[in-house]
Amino acid sequence: MDVTTLHTATEVLAEYLSEVTHGDLRQLTPLATWDIGDLYVHLIDQNIDTVAGLVNKALVNEGPPAEKITRSALEVSAHLYGGGYEERYRRTARRVEEAFAAVADAESTYVVGELHLAASAWYEEQVNETVIHTWDLTEAMGFTYRPTADVALRVLKTQPEPPLEDIDAAWEAALRKSGRIPSRTH
């Protein structure tokens with residue numbers, strides 16, 4: 001499978017993760033009960049679970065098994081003056097990319113967690129989650145993030161609302177459908 005879009009999305013997320021300091025970990029995200037530390041643990045665990053689901057069927061050489069990270073271990077990932085969180089994320093993200101790249105049949109079914117989906121559907125979900133979580137992180141950190149038009153429309157296409165011509169409206173609709181921002185009332 002071509003993993004170009006996923007690679008670009010994970011690199012953008014990693015760039016923002018490089019700005020995270022230990023003091024930022026308790027900063028709340030748009031997800032009601034998550035802070036940046038919870039989001040980071042989720043990102044790492046999601047990547048590890050995705051690789052495990054794809055590797056079992058694709059039989060790729062993923063290297064030594066990655067260990068899930070605990071909230072209490074987050075301090076170890078940080079550098080003294082910030083940064084460091086992107087390093088572990090990039091390692092797990094590269095393994096996800098390698099696992100998807102090794103998939104021979106994009107329509108073959110894989111099991112990740114409890115869900116059974118075609119590899120192509122898992123890939124789209126991975127791209128979507130990466131882009132949406134980049135927005136979660138940037139909102140928590142006070143940065144402005146807008147994906148490229150093609151990526152915003154790609155995320156929107158997976159949401160149960162028709163594509164919109166205005167890219168800002170399309171991105172807002174994608175965020176609204178993901179539960180990140182409340183629905184508008186007219």
Legend entry - Y16 versus T144, closest heavy-atom pair with distance: OH-O, 3.6 Å
Legend entry - Flag, side chain of R91 to backbone of Y89, donor-acceptor distance under 3.5 Å: no
Inset, instruction - Provide the closest heavy-atom pair for M1 versus S120 in the form atom of the first, atom of the second, distance. - result: CE-CA, 3.9 Å
Inset, instruction - Compare all side-chain heavy atoms of W135 with those of S178 and state whether any distance is below 4.5 angstrom. - result: no
Inset, instruction - Determine whether T10 and R90 make a side-chain contact, defined as any pair of heavy atoms from C-beta on separated by less than 4.5 Å. - result: no
Inset, instruction - State the CG-CG distance between D49 and L54, to the nearest 0.5 angstrom. - result: 11.0 Å
Legend entry - Spatial distance of atom CG (L175) from atom CG (L156) [nearest 0.5 Å]: 10.0 Å
Legend entry - Pair T50, N47: side-chain N/O donor-acceptor within cut-off below 3.5 Å: no
Legend entry - L25 side chain near Y85 side chain, heavy-atom distance below 4.5 Å: yes
Legend entry - Where at least one partner belongs to residues 115-125, residue pairs that pass salt bridge (charged side-chain N to carboxylate O under 4.0 Å, His left out), sequence neighbours excluded: E124-R154
Inset, instruction - Answer yes or no: is there a side-chain heavy-atom contact under 4.5 Å between L43 and L13? - result: yes
Legend entry - Heavy-atom closest contact (W122 atom, L115 atom, distance): CZ2-O, 3.5 Å
Inset, instruction - Decide side chain to side chain donor-acceptor pair (under 3.5 Å) for D136 and H133; before the verdict, give the C-alpha distance in whole Å, the side-chain angles of both, and the deciding distance to 0.1 Å. - result: CA-CA 5 Å; D136 291 334; H133 286 323; 2.9 Å; yes
Inset, instruction - For residues Y110 and G53, report the shortest heavy-atom separation together with the two atoms involved. - result: CD2-O, 3.7 Å
Legend entry - Sidechain-backbone polar pair: D45 side chain, H42 backbone, donor-acceptor under 3.5 Å: no
Legend entry - Test item: T29 side-chain N/O and W34 main-chain N/O as donor-acceptor pair under 3.5 Å: yes
Legend entry - Heavy-atom check, side chain of D35 versus side chain of D38, under 4.5 Å: yes
Legend entry - Check: S108 side chain, D105 main-chain N or O, donor-acceptor pair, under 3.5 Å: no
Inset, instruction - Could you walk me through whether Q46 and E129 pass side chain to side chain contact (heavy atoms under 4.5 Å, CB included), step by step? - result: CA-CA 10 Å; Q46 179 182 30; E129 287 292 308; 3.5 Å; yes
Legend entry - L137 vs V20 side-chain heavy atoms within contact, under 4.5 Å: yes
Inset, instruction - Dump the intermediate steps for salt bridge (Lys or Arg N to Asp or Glu O under 4.0 Å) on R94 and E11, then the final yes or no. - result: CA-CA 10 Å; R94 289 305 78 75; E11 280 303 306; 2.8 Å; yes
Inset, instruction - Specify the closest pair of heavy atoms between T130 and T134, including all atoms of both residues, with the distance to one decimal. - result: O-OG1, 2.7 Å
Inset, instruction - Ignoring hydrogens and angles, tell me if any N or O in the side chain of E86 forms a donor-acceptor pair with the backbone of G84 under 3.5 Å. - result: yes
Inset, instruction - Would you kindly confirm whether Y145 and L28 end up in one hydrophobic cluster when ILVMFWY residues are joined by side chain heavy atoms under 4.5 Å apart? - result: no
Inset, instruction - Would you mind reporting whether Q126 and F100 have side-chain heavy atoms less than 4.5 Å apart? - result: yes
Legend entry - Atom pair CG/CD of D2 and E97 - distance to nearest 0.5 Å: 10.5 Å
Inset, instruction - Verify, without hydrogens or angle tests, whether Y123 (side chain) and L6 (backbone) share a donor-acceptor contact under 3.5 angstrom. - result: yes
Legend entry - Validation row: F143, E19 side chains within 4.5 angstrom (heavy atoms): yes
